[in-house]
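One structure is given below, encoded as structure tokens.
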Amino acid sequence: MVTIAGKRRFLDQWARALGVGNDLEAMAKLRAVMNELDDARSQLQKTTRVLENVPDPDANVGATGAMAALEQTWQNLLAVERRFAKHERGRK
């Protein structure tokens, strides 16, 4: 279990990495990055559709793996965004 101080340090590290000073700014920055990932997902989906019927199934392996990694990254950022929302350091 993470202590309160541990949670604060974790969020402080994220805020520094994002270049922001409070929870609301961090959530906005994370949401912007997640929106960029959504754009990348859209482009990648087009690629996977083109490659799904090629005769060499290995040709689509990279695109499929990239899609899975993109989705995992998005989910991880969502979890951090939720931690900021719950903590709301900037409002205290």
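Because only heavy atoms are used, hydrogens play no part in the values below, and waters and symmetry mates are left out as well, while side chains stay in.
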Quick one: closest heavy-atom pair of [X] and [Y], and the distance?
| X | Y | value |
| --- | --- | --- |
| Phe84 | Ala15 | CZ-N, 4.0 Å |
| Glu52 | Asn60 | CA-ND2, 3.7 Å |
| Ala63 | Leu44 | O-CD2, 3.9 Å |
| Ala40 | Leu70 | CB-CD1, 3.8 Å |
| Val54 | Val50 | CG1-O, 4.0 Å |

Exercise. Using only heavy-atom distances, determine whether the side chains of Gln43 and Asp39 contain a donor-acceptor pair under 3.5 Å.
Key: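 Checked: Gln43/Asp39 side chains show no N/O donor-acceptor pair below 3.5 Å.
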To the nearest 0.5 angstrom, please state how far the [atom1] atom of [X] sits from the [atom2] atom of [Y].
| X | Y | atom1 | atom2 | result |
| --- | --- | --- | --- | --- |
| Asn76 | Glu81 | CG | CD | 13.0 Å |
| Trp74 | Leu30 | CH2 | CG | 11.5 Å |
| Arg83 | Leu11 | CZ | CG | 6.0 Å |

Practice problem: Check step by step if side-chain contact (heavy atoms from CB on, under 4.5 Å) holds for Arg31 and Leu78. | Solution: CA-CA 8 Å; Arg31 183 53 56 181; Leu78 179 62; 3.9 Å; yes
Practice problem: Give the intermediate values and the outcome of side-chain contact (heavy atoms from CB on, under 4.5 Å) for residues Leu77 and Trp14. | Solution: CA-CA 11 Å; Leu77 292 177; Trp14 268 94; 3.8 Å; yes
Exercise. Go through the steps for Arg49 and Gln45 under the test side-chain contact (heavy atoms from CB on, under 4.5 Å), then give the verdict.
Key: CA-CA 6 Å; Arg49 279 194 295 270; Gln45 284 172 335; 3.9 Å; yes
Quiz prompt | Derivation of the side-chain contact (heavy atoms from CB on, under 4.5 Å) call for Thr48 and Leu51 | solution = CA-CA 5 Å; Thr48 57; Leu51 296 177; 5.8 Å; no
Quiz item: With a 4.5 Å limit on heavy-atom distance, are the side chains of Val61 and Asp58 in contact?
Solution: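 Side-chain contact under 4.5 Å: yes.
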Self-check item: Exam field: side chain Gln72 to backbone Ala68, donor-acceptor pair closer than 3.5 Å
Solution: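 Not confirmed, Gln72 side chain does not pair with Ala68 backbone.
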Quiz item: Charged N to carboxylate O below 4.0 Å: is that the case for Arg41 and Asp38?
Solution: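 Looking at Asp38 together with Arg41, the answer is yes, because their closest N to O distance falls below 4.0 Å.
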